[in-house]
2 protein chains.
Amino acid sequence: MATIDTSLVAKLPLFAGCSADELDAILKEARSIRVPKNGNVFEQGEDAHSFFVLLHGHVRASKLTPAGEQVVVRYVAPGETLGVAMAIGLPSYPATATAVDDSVVLAWPTAAWPRLVERHPALATNTLRTVGARLQETHSRVIEMSTQQVEQRVARALLRLAKQSGRPVETGVEIDFPISRQDIAQMTGTTLHTVSRLLSGWESRGLIEGGRRRIVLRAPDQLVALAEQTPDDTAS
Amino acid sequence: MATIDTSLVAKLPLFAGCSADELDAILKEARSIRVPKNGNVFEQGEDAHSFFVLLHGHVRASKLTPAGEQVVVRYVAPGETLGVAMAIGLPSYPATATAVDDSVVLAWPTAAWPRLVERHPALATNTLRTVGARLQETHSRVIEMSTQQVEQRVARALLRLAKQSGRPVETGVEIDFPISRQDIAQMTGTTLHTVSRLLSGWESRGLIEGGRRRIVLRAPDQLVALAEQTPDDTAS
DNA sequence: CGGGTTTTTGATCTCCTTCAATCCTAGTGG
DNA sequence: CCACTAGGATTGAAGGAGATCAAAAACCCG
């Protein structure tokens, strides 16, 4: 098994403030794992045996409710950490992580975490920052769901996805992984029907360009306008 | 200025794994501050000069949206940390913390955080755990808002408040600080009108007992049943 | 006792869900 | 290479949970 190329991961937030030597030592304990499209990195409820960094591809983290409904927690982009259950004191994964594209992750055994943190305190600090950022994002989501209409929420969701994982194409910015109307519905707390209606409307107005599990934003600025619109705003 | 009584704070989660000496050293840098009812511990957007532990009383953390709507993020009970913006890399407070009762907080200058963490790595680990737990709770909230009706969400909110800050009284469990219908609406993403209607209904069925900014749960078990009820459940 | 906050309750309205088909599109296997 | 098929998307119609609009009532504090 070849060691992992340090240059690829040297500037990830998780390793901020680590020397090259430290990084080497840390990476020596990691394994690189290929996860095929639609494969699971880990599953909700499963014993948290490892934590990960996504190197390549895209991963969807989703939770299943007791009633059997699925909610998308977030999409993970390359460079982000996932499965840090242990670090936050959970014995098992709180969500399922599914590769939406062929993906590659670095994996460390959870058991190594306490030792790694002791030797490299920056890991704890960096993880704290990451988890804090996610807490902020999740709060934003709560606030959106409390105060905004579905249309605004969906527009915002698309803009965030495009920002996080957008690829420029001729006609605009394409979301760089397959995503269905259903997925968007599960991110925004609505139904695929409503999402479909909204996207259809936007497509006919030229704001976006859709396809089977594909979305291209043609006029992000107009989507921003939509997202910022308050319920009682009337078109000028 | 008297030093703070260590025995009161020795077993807070923030200081788990700290020796008595360490605790002494850490507490030496803190000031104890009294915040009167309706006073703010800190305000959203304000420079994050300090972080806090609530010693006594109750604090409401709320966020104001650009559109001027308020959302209650959480209620803080004695022993919990608040205002840890700096630790998660924020230069200013993301929410406003208001005492809903006369309260007392311990305050450390934010500037001391990096040094404290360096000397007492357990602080970072413990804070990570706390922030992780809050992330989980916030995810639960997103899931509830995505999949449950208002009635279920309000019932759950009451049960959580009672669990976190309930005081046993003759007729049941009283939420131990003043809380209005409006506050509950802002916690559950609905309007005070809907909350009022629900609580009125529950009161007439003997599940709760209300008053001006006062709520007593008389039959928590029945509220649990309500909270677990799925939309298409019909009464037996 | 007065005035402001909090709560209640009614009536109406609307955004979104739910129900129900139908239509596409990309794989797949012959 | 093409028909077949299954998951995904679209679209219509109807209904309902909860928001909004509007007042009145209750309560607390000074």
Side-chain angles (χ1 to χ4, degrees), chain A residues 36-38 60 67 69-72 98 100 144-155 158 175 177-186 188-205 208-216 226 229-234, chain B residues 36-38 60 67 69-72 98 100 144-155 157-158 175 177-205 208-216 226 229-234:
Chain A
K37 182 169 172 171
N38 295 325
R60 179 188 58 230
E69 299 184 279
Q70 201 161 21
V71 174
V72 173
T98 308
V100 294
E144 280 176 28
M145 296 186 78
S146 298
T147 62
Q148 304 192 308
Q149 319 254 117
V150 171
E151 186 171 34
Q152 278 70 41
R153 304 207 303 265
V154 172
L158 290 190
I175 292 170
F177 51 82
I179 184 166
S180 69
R181 311 294 186 242
Q182 172 78 10
D183 291 326
I184 294 171
Q186 288 173 345
T188 51
T190 181
T191 63
L192 82 157
H193 307 278
T194 300
V195 171
S196 180
R197 274 180 243 273
L198 285 170
L199 296 200
S200 293
W202 293 345
E203 178 147 29
S204 69
R205 287 164 56 193
I208 66 164
E209 186 183 313
R212 194 192 175 77
R213 288 168 149 279
R214 249 185 91 257
I215 299 170
V216 179
L226 256 181
Q229 196 173 314
T230 59
D232 58 315
D233 255 355
T234 42
Chain B
K37 182 168 173 172
N38 296 325
R60 179 187 59 228
E69 299 183 280
Q70 201 161 23
V71 174
V72 172
T98 309
V100 294
E144 280 176 27
M145 296 186 78
S146 299
T147 62
Q148 304 192 308
Q149 320 254 118
V150 169
E151 186 172 33
Q152 279 69 42
R153 304 207 303 265
V154 172
L158 290 190
I175 293 170
F177 50 83
I179 183 166
S180 68
R181 310 294 187 245
Q182 172 79 358
D183 291 327
I184 294 171
Q186 289 172 345
M187 295 182 70
T188 51
T190 181
T191 63
L192 81 159
H193 307 278
T194 299
V195 172
S196 179
R197 276 181 242 272
L198 284 171
L199 296 201
S200 292
W202 293 345
E203 179 147 30
S204 69
R205 287 163 57 193
I208 65 164
E209 186 182 314
R212 193 189 175 82
R213 287 169 151 278
R214 248 186 92 256
I215 300 171
V216 179
L226 255 181
Q229 196 174 314
T230 59
D232 58 314
D233 255 355
T234 41

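Chain letters run A, B, ... following the sequence lines, proteins first and then strands; every chain starts at 1.
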Residues forming a side chain to side chain donor-acceptor pair (under 3.5 Å) with B:R205, sequence neighbours excluded: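 Not a single residue meets the side chain to side chain donor-acceptor pair (under 3.5 Å) criterion with B:R205.
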Just checking [X]: base, sugar-phosphate only, or nothing, at a heavy-atom cut-off of under 4.0 Å?
X      : result
A:T194 : base
A:R213 : sugar-phosphate
A:R212 : base

For the student: nearest non-hydrogen atoms of A:R153 and A:G189, plus distance: NH2-O, 3.4 Å
Closest heavy-atom pair and its distance - B:T188, B:A157: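 Looking at all heavy atoms of both residues, the shortest contact is CG2-CB, 3.7 Å.
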Whether B:S196 side chain and B:L192 backbone form a donor-acceptor pair below 3.5 Å: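 Judged by distance alone, no pair lies under 3.5 Å.
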Heavy-atom donor-acceptor pair, B:E209 side chain to B:E203 backbone, under 3.5 Å: no
Could you tell me how far apart [X] ([atom1]) and [N] ([atom2]) are, to the nearest whole angstrom?
X      : N      : atom1 : atom2 : answer
B:Q148 : C:dT17 : CD    : P     : 15 Å
A:Q229 : C:dC15 : CD    : C1'   : 14 Å
B:W202 : C:dT8  : CH2   : C1'   : 16 Å
B:M145 : C:dC16 : CE    : C1'   : 15 Å
B:Q182 : C:dG4  : CD    : C1'   : 16 Å
B:I208 : C:dT7  : CD1   : C1'   : 12 Å
B:L192 : C:dG10 : CG    : P     : 16 Å

Is the closest side-chain heavy-atom distance between [X] and [Y] below 4.5 Å?
X      : Y      : value
B:R181 : B:V154 : no
B:Q70  : B:V72  : no
B:F177 : B:K37  : no
A:L158 : A:L199 : yes
A:I184 : A:I179 : yes

Nucleotide of [options] approaching [X] most closely (side-chain heavy atoms):
X      : options                : answer
B:S196 : C:dT9, C:dG4, C:dT25   : C:dT9
A:T191 : C:dC16, C:dA11, C:dT18 : C:dT18
A:T190 : C:dT6, C:dC16, C:dA11  : C:dC16

hbond_proxy B:H193 side chain to C:dT9 base (donor-acceptor, 3.5 Å cutoff):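 Yes.
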5'-most by nearest nucleotide on DNA chain C - A:Q149 or B:L199: B:L199
Toward the 5' end of DNA chain D, by each residue's nearest nucleotide, A:R214 or B:G189: A:R214
Nucleotide interval of DNA chain D bounded by contacts with chain B (heavy-atom cut-off, under 4.0 Å): D:dA17 to D:dC28
Rounded to 10 degrees, the angle between the two terminal axes of the helix from C:dC1-D:dG30 to C:dG30-D:dC1, each from five pairs: 50°
